[in-house]
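Structure first, commentary second.
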There are 4 protein chains.
Amino acid sequence: MSPPQPRRKPTQARARATVDAILQGAAQVLVDRGFDGASTNRIAEVAGVSVGTLYQYFPNKEAVVVALIERHCDEQIALLQAMVGDMVAAPLPSAVRTYVAALIATHDRDREVHDAIFRQAMHLGLPSLQRIHDGTRTIVRAYLEVHRGAILPDDLDLAAFVLVSMVEGMIDTAFFVTAPPNREALAEEVSRVVLRYLLGHAD
Amino acid sequence: MSPPQPRRKPTQARARATVDAILQGAAQVLVDRGFDGASTNRIAEVAGVSVGTLYQYFPNKEAVVVALIERHCDEQIALLQAMVGDMVAAPLPSAVRTYVAALIATHDRDREVHDAIFRQAMHLGLPSLQRIHDGTRTIVRAYLEVHRGAILPDDLDLAAFVLVSMVEGMIDTAFFVTAPPNREALAEEVSRVVLRYLLGHAD
Amino acid sequence: MSPPQPRRKPTQARARATVDAILQGAAQVLVDRGFDGASTNRIAEVAGVSVGTLYQYFPNKEAVVVALIERHCDEQIALLQAMVGDMVAAPLPSAVRTYVAALIATHDRDREVHDAIFRQAMHLGLPSLQRIHDGTRTIVRAYLEVHRGAILPDDLDLAAFVLVSMVEGMIDTAFFVTAPPNREALAEEVSRVVLRYLLGHAD
Amino acid sequence: MSPPQPRRKPTQARARATVDAILQGAAQVLVDRGFDGASTNRIAEVAGVSVGTLYQYFPNKEAVVVALIERHCDEQIALLQAMVGDMVAAPLPSAVRTYVAALIATHDRDREVHDAIFRQAMHLGLPSLQRIHDGTRTIVRAYLEVHRGAILPDDLDLAAFVLVSMVEGMIDTAFFVTAPPNREALAEEVSRVVLRYLLGHAD
DNA sequence: GATGAATGAGGCTTCATTCAT
DNA sequence: GATGAATGAAGCCTCATTCAT
């Protein structure tokens with residue numbers, strides 16, 4: 001409803017620390033008491049500031065959650081980019097395996113927080129997940145372009161979409177919906193799916 | 001001696017109609033105003049009954065949403081089963097294409113309602129999605145068993161998990177997170193992924 | 001607010017049984033769930049009838065509670081009268097001891113029910129307790145009249161009032177407020193109070 | 001270094017005023033509309049604050065009533081103690097008459113409020129009345145100890161219990177159940193009961 | 001800048017009561 | 001006579017938000 005932008009840019013170090021505390025508190029409360037138990041008063045309390053202070057940096061409750069999600073997404077993307085940084089140079093099979101492993105690792109960090117935030121993102125129907133998806137897709141698409149000659153799919157846009165949404169979606173399912181029958185073998189099997197799709201084989 | 005018909009069948013018919021109305025109302029409100037805007041009073045009003053009546057059939061607000069999700073899941077599963085009924089007899093490639101098409105069709109029916117309910121399911125962390133997943137997985141696993149000799153994967157449990165979660169997750173992503181670059185070609189491309197995973201080729 | 005009289009006199013045996021069941025249910029619920037948990041629906045359910053039936057015999061909820069209290073008071077008075085029936089003929093000391101013992105016995109019967117009903121009577125500020133008091137006082141006053149020559153007090157009205165309210169009040173306190181230090185000796189000590197008041201000694 | 005005055009004494013003063021206002025309001029409403037008519041909204045309104053404020057100081061409705069009862073009990077006990085302060089030094093007969101008069105006076109102050117609160121205490125089955133009783137009993141017991149040689153009863157615990165519960169119970173009855181035939185003579189007659197119990201005579 | 005007491009709309013839920021069957 | 005589904009006013013309580021200090 002109201003602009004999800006922070007009311008004032010926290011230029012001073014003290015202010016930034018306050019905002020950080022609030023977001024930490026928000027994450028904490030989200031994890032501990034679920035969405036409906038996350039009131040601004042509670043968040044402020046856990047953050048160790050007063051509600052008034054919270055409202056000095058965020059125009060309303062939603063803005064806090066949005067900011068939290070945004071920050072989380074940024075971290076996720078940064079994490080992913082760091083992990084796949086030199087993937088481009090690698091041969092396709094090992095690149096894929098690295099990518100899948102990175103994605104899974106990404107979900108393993110801060111499971112609870114990730115989970116809580118993910119649910120909120122779904123709940124609020126926010127474009128944050130799309131940001132993650134699109135960012136990832138761009139990276140993948142670029143990679144496919146480089147290897148265009150070696151892979152089966154022609155439509156690289158579509159291929160990138162399918163790859164990212166499939167792998168991401170699957171991992172989300174594995175983490176949020178139902179546990180896989182064999183957690184150890186999961187990464188390898190997913191990699192096989194991808195490799196067979198791209199190459200026709202998984203060697 | 002006693003009347004062959006239980007005394008209040010008609011009453012039950014009325015009650016069932018009431019429950020239906022409430023669930024309809026809940027779906028309606030969920031779509032229109034989102035979860036937080038879905039108050040029991042609003043639901044009752046849209047359903048055309050009084051709050052009191054709602055509470056005669058559901059112990060609390062969450063129960064209404066849960067019932068709605070459950071019903072939706074049942075419908076989804078029934079729909080899927082109807083569509084893949086004679087898939088078993090079909091050759092693998094066309095079976096896969098049927099399955100994928102069915103899944104997509106399933107998402108196309110009642111887009112908005114499905115969307116709203118799906119979000120709630122995620123939000124509430126309910127096992128309903130798991131039910132869908134597990135149901136589907138059982139079907140798929142049985143199918144793979146039949147074709148065991150013709151496919152590459154050994155671990156059929158894992159294969160079934162990967163297939164279902166991947167395809168389902170991907171379609172969810174396509175519908176809820178970001179639109180695919182080429183909606184027409186999507187089904188075929190997903191089918192290809194599956195077929196190459198199972199056979200090494202997609203012919 | 002509305003007349004506390006039953007809507008229709010239950011002339012038939014069946015109807016009387018129904019009324020009984022309802023009052024039983026009311027007592028039950030009052031004991032089990034306290035006053036605020038005693039809803040007409042619950043009472044009807046426990047009584048094994050439908051709410052509608054309850055409302056055929058009682059105009060509103062209060063009427064049920066009032067009827068219950070009335071019935072209880074009647075029982076109490078009858079019980080008391082039975083116990084002190086031939087007290088008049090007895091010599092004063094043993095008469096007093098009989099009376100006190102009867103009062104205590106009266107409180108011991110159906111402790112829980114008595115307790116619950118007593119609280120309601122207080123709560124509703126009903127004249128029922130007054131009925132018990134006045135009834136008892138009349139009996140006592142008559143007895144004192146007979147023994148006028150043998151006792152110290154002149155004002156028999158006042159004496160009867162003091163005796164009844166004191167003994168009754170004390171027993172209520174003993175039962176509802178705090179336990180006496182010596183339950184066994186209580187009756188004898190109370191009797192002594194009364195006898196010394198009447199005679200100057202307790203022999 | 002740090003300010004010698006804690007930062008929000010004024011705040012606390014304000015808060016205390018608010019709590020007072022709420023309790024006043026509660027007493028008011030209890031008297032005016034009875035327990036069932038005493039809604040938190042009504043109490044807050046009469047107190048001149050918003051419901052939210054009420055709930056900032058009390059976790060629920062019952063807590064308000066309990067606090068009110070507690071405060072009332074404290075006042076009663078303090079009042080009593082003030083009145084009987086130098087009773088110990090007095091000779092028995094006048095001490096008893098002072099005590100009885102004090103108790104009656106205690107009931108005369110704020111009749112309506114006292115009445116309403118007393119009913120609630122019974123209704124809620126709270127130990128508040130017990131507190132009053134036990135407090136009083138301790139005082140009486142100490143007094144009896146001092147005069148042990150001059151009185152008839154041996155078991156001082158029992159005697160104290162009988163005295164307090166009897167006198168208190170009787171006065172409660174006189175005030176809440178039925179009016180005494182001769183209000184003026186009541187105190188003297190009660191004193192006689194007590195004195196004859198303790199001494200065998202009332203001079 | 002920070003604080004936290006105060007606000008009050010609004011959510012969830014209960015329950016006395018009615019009335020069509 | 002009996003039933004019990006339906007009603008809806010009203011109660012308790014929470015929480016996003018403001019503002020005087």
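Naming: A, B, ... by sequence-line order, numbering from 1 per chain.
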Just how far, in rounded Å, is P of E:dG8 from CZ of D:R42?
18 Å
Side-chain donor or acceptor of C:N41 under 3.5 Å from a matching atom on the base of E:dA16?
yes
Taking Watson-Crick and G-U wobble pairs with both distances under 3.5 Å, convert DNA chain F into its dot-bracket string, 5' to 3', dots for unpaired and | for cross-strand pairs.
.||||||||||||||||||||
Could you measure between the two P atoms, the one in F:dT21 and the one in E:dG1, and give it in whole Å?
22 Å
The residue, A:T18 or D:T53, whose nearest nucleotide of DNA chain E is more 5′ is A:T18
Side chains of B:R71 and B:E75: does their closest heavy-atom pair fall under 4.5 Å?
yes
Give the C-alpha distance, both sets of side-chain angles, the deciding distance and a yes or no for side chain to side chain contact (heavy atoms under 4.5 Å, CB included) between A:Y55 and A:T40.
CA-CA 9 Å; A:Y55 275 90; A:T40 49; 3.6 Å; yes
With respect to A:Y57, which candidate in A:V49, A:T18, A:L23 satisfies the side-chain contact (heavy atoms from CB on, under 4.5 Å) definition?
A:T18
Using the side chain to side chain contact (heavy atoms under 4.5 Å, CB included) rule, take A:L68 and A:H72 through it: C-alpha gap first, then chi angles, then the decisive distance, then the call.
CA-CA 6 Å; A:L68 181 62; A:H72 183 70; 5.7 Å; no
What about D:S50, does its side chain sit under 3.5 Å from the base of E:dG8 through a donor-acceptor pair?
yes
Whole angstrom is fine here: how far is it from CZ in B:F35 over to C1' in E:dG11?
12 Å
Measure CG/D:L54 against P/F:dC13 and give the value in whole Å, please.
9 Å
Is any side-chain N or O of A:Q56 closer than 4.0 Å to OP1 or OP2 of E:dA2?
yes
Rounded to the nearest Å, what distance is computed from the OH atom of residue B:Y57 to the P atom of nucleotide F:dG4?
12 Å
Could you walk me through whether A:D74 and A:R131 pass the side chain to side chain contact (heavy atoms under 4.5 Å, CB included) check?
CA-CA 9 Å; A:D74 290 346; A:R131 264 186 55 222; 2.4 Å; yes
Do any side-chain nitrogens or oxygens of C:T40 fall under 4.0 Å of OP1 or OP2 in E:dT17?
no
How about CD on B:E112, more than 12 heavy atoms from neighbouring residues, nucleotides or ligands closer than 6.0 Å, or not?
no
Heavy atoms only, 4.0 Å cut-off, all strands: where does D:A38 land among base, sugar-phosphate and nothing?
sugar-phosphate
Write down the distance between NZ (A:K61) and P (F:dA16), rounded to a whole number of angstrom.
4 Å
If you find the nucleotide of DNA chain F closest to C:G52 and the one closest to D:P59, which residue's nucleotide is nearer the 5' end?
C:G52
Spacing of D:Y55 atom OH relative to E:dA6 atom C1', expressed in whole Å:
16 Å
Roughly how far, to the nearest 0.5 Å, is CG of D:L30 from CZ of D:R42?
12.0 Å
Nearest-nucleotide comparison on DNA chain E, the residue closer to the 5′ end among D:V51 and B:V51
D:V51
Base, sugar-phosphate, or nothing: which does A:D36 touch, judged by heavy atoms less than 4.0 Å apart?
sugar-phosphate
What is the nucleic acid contact for B:S39, judged by heavy atoms within less than 4.0 Å: base, sugar-phosphate only, or nothing?
sugar-phosphate
Between C1' of E:dC15 and CG of C:N60, the distance in whole Å:
13 Å
From CD of C:E45 over to P of F:dT3, roughly how many Å is that when rounded to an integer?
13 Å
If you measure from CD on B:Q56 to CG on C:N41, what distance do you get to the nearest 0.5 Å?
8.0 Å
